[in-house]
**Q** 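Sharing a structure below in structure tokens format, with a few things to ask.
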Amino acid sequence: MTDVIPGKPVVARFCPSPTGNPHVGMARTALFSWAFARHHGGRFVFRIEDTDASRDSQESYDLLVDVMRWLGLDWDEGVEVGGDNGPYRQSERMDVYADVAQRLLEAGLAYKAYDSAEELEERRDAARAAGRPSGYDGLHRDLTPEQQAAYEAEGRKPVIRFKMPEKDWTFDDLVRGPITFGADNVQDFVIVRANGQPLYTLTNPTDDALMGITHVLRGEDILSSTPRQIALYEAFAQIGVGDGSTPRFGHLPYVTGAGNRKLSKRDPESNLLGYREQGFLPEGLLNYLALLGWSLDAERDVFSLAEMVEAFEIGRVNPNPARFDLDKCEAINGDHIRRLPVEDVAQRLVPYLATAGLVNEPASEEEEALVAAATPLVHERIAKLTEAVDMLRFLFIDEHDFSVDEADAAKNLDEKGRETARAARDALEAVETWDTESIEAALRASLVDGLGLKPRLAFGPVRVAVTGSRISPPLFESLELLGRSRTLARLSAAL
RNA sequence: GCCCCGUUGGUCUAGCGGUUAUGACGCCGCCCUCUCAAGGCGGAGAUCGCCGGUUCGAAUCCGGUACGGGGUACCA
């Protein structure tokens, strides 16, 4: 299968509708289209399909742009950045669609249909009952001007339907191979509503043609509308819309949630913004998403975007649906966090600490320095950045807001534990140089050697008293960063 | 109803006529260890949906069938 025509540059696109929150399935589609374009050294177009005013919103549009930038899926042409084939919001291209529809009509490739919703439904039910396909039956295909005038006189407003040539439709899907639809199963379809608004069925192929799109990668939910679009392309060739060629199509499998349902916008796991809020790295999320239907090779599933671009082949995309597994997503993200230089992690942590109210916005120099010093303690312990916030809270929190987890205190700061804490405080008070080595030496000498405690029993009470939790970053390093006075104060408070 | 797509351990995935069926997540055990992680080692878990066919030989090719998903809109 030749995916690319030699000498003809690849132009791929991503063209979501701005409805609701951006979700992960969408990001996966964007990622594959982007990777495909980049792999072939082609262009990537970002277009917005906002032709349905009742469902689209500016807020959703802003989110889409924001999230694409966050992910780092850059586009060469499209909304916000412009390009030769703009505008890139369909709501600003209505005149284009009106013109194309008109030319289709004049060329006899489309026609006005006056059927009412009730009439359509009735005939559809009848066709179904008779075991026939339930699409449009073509009743108004060849209306005479007189018949049309009669309908108009009744006050009916026509839709514009595209006239499907009666032939079988075969195309070579980039991920699924050859697919054929019989002539009887692809009927004339509406391209312009009775109120004059163009539909996706017209606007999407029109823009793809006008923008020179060579490869269309999209979800499998529109696989069955592909014959219509190919037919439209053939019509465009006749009336001179675009360069007369038809793009290749590739239909990506669904991303599903629990059960086998496709991940819906309501499902919290599908909300892209949620991943950013929880502290996923764009590179981690993207890596995981890439794994849903594609793999770099048999051995490795942690890789960079650059490695993906290098290796990405659309023909190796798996056609079957994939279940989104949050655990694995987090594991992959954790791998990416560990791959990052520690200074980088520190920098990315700051906004999350700010959101949690633990550092100022913008952070002061001292705060930045503390973050830089503390990050190595949590770097390899977290799968998401927000986990670091929880682990480091004890270090950044205002002293009067500090509190110890009750359950952990009950277990670790019983009478015996408080005794241990007291010994720890006394030992620590005597430490001359407040650094990790001295702190550890003092504590070991006092608690392990002195009191004869097993290490875990020796340090547990100290940990809980000082960090507020049974689980914390390495203790001695933590105490060093916390500083002598806060450490001693917290130990005293625990007694 | 009609049309299209899909089917490899719980999940994702490799495989493209001959393998002890790949790797990962998760799970279990051990090691390391101041907690939690990370890391290391090991383990359980797949008669490749099912039935036929082609072939010396099939997860791989063909035909059925079952199940799942999608479409069948004046949504995208």
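Just so it is clear, the model here is predicted, and its values are computed rather than measured. We name chains A, B, ... by the order of the sequence lines, and we start the count at 1 in each one.
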**Q** With respect to the side chain of E380(A), which nucleotide from A37(B), A14(B), G39(B) is positioned closest?
**A** A37(B)
**Q** Please walk me through it: do L326(A) and Y275(A) pass side chain to side chain contact (heavy atoms under 4.5 Å, CB included)?
**A** CA-CA 10 Å; L326(A) 189 57; Y275(A) 290 89; 3.8 Å; yes
**Q** Give a yes or no on whether E154(A) atom CD has more than 12 heavy-atom contacts from other residues, nucleotides or ligands under 6.0 Å away.
**A** yes
**Q** What contact category does D408(A) fall into here, base, sugar-phosphate, or nothing, at under 4.0 angstrom with non-hydrogen atoms?
**A** nothing
**Q** Does a side-chain N or O of R124(A) approach OP1 or OP2 of A73(B) to a distance below 4.0 Å, or not?
**A** yes
**Q** Which nucleotide wins on minimum distance to the side chain of R193(A), given the candidates C36(B), A76(B), C74(B)?
**A** C74(B)
**Q** Can you tell whether the side chains of D408(A) and R463(A) come within less than 4.0 Å, N to carboxylate O?
**A** no
**Q** Is the positively charged end of R490(A) above the ring of F402(A), judged by distance under 6.0 angstrom from the centroid and angle within 45° of the axis?
**A** yes
**Q** Taking the side chain of E299(A) as heavy atoms from C-beta outward, which of U22(B), A14(B), C12(B) is closest to it?
**A** U22(B)
**Q** Provide the distance between the two P atoms, one in A14(B) and one in A76(B), to the nearest whole Å.
**A** 34 Å
**Q** Measure from the side-chain heavy atoms of R470(A) and tell me the nearest of A76(B), C25(B), U35(B).
**A** U35(B)
**Q** Ignoring hydrogens and angles, does a donor from either the side chain of R128(A) or the base of C2(B) sit under 3.5 Å from an acceptor on the other?
**A** no
**Q** The side chain of K328(A) is closest to which nucleotide in this list: C34(B), C5(B), G23(B)?
**A** G23(B)
**Q** Return yes if the base of C36(B) and the side-chain atoms of R381(A) contain a donor-acceptor N/O pair under 3.5 Å, otherwise no.
**A** yes
**Q** Would you indicate what S469(A) reaches in the nucleic acid, counting non-hydrogen atoms under 4.0 angstrom: base, sugar-phosphate, or nothing?
**A** nothing
**Q** Where the side chain of Y254(A) is defined as all heavy atoms beyond and including C-beta, which of A37(B), G69(B), C12(B) is the nearest nucleotide?
**A** G69(B)
**Q** With sugar-phosphate meaning primed atoms plus P, OP1 and OP2, does S134(A) contact a base, only sugar-phosphate, or nothing at under 4.0 Å between heavy atoms?
**A** base
**Q** Side chain of V190(A) only, heavy atoms from C-beta on: which candidate in G70(B), C74(B), A76(B) is closest?
**A** C74(B)
**Q** Let me confirm one number: the OH-CZ distance from Y136(A) to R161(A), rounded to the nearest 0.5 Å.
**A** 5.5 Å
**Q** Is F181(A) touching bases, backbone alone, or none of the nucleic acid, heavy atoms closer than 4.0 Å?
**A** sugar-phosphate
**Q** Reckon I222(A) touches a base, only the sugar-phosphate, or nothing at all at heavy-atom distances under 4.0 Å?
**A** base
**Q** P474(A) has a side chain; which of C4(B), C2(B), C34(B) sits nearest to it?
**A** C34(B)
**Q** R338(A) has a side chain; which of A38(B), C34(B), C5(B) sits nearest to it?
**A** A38(B)
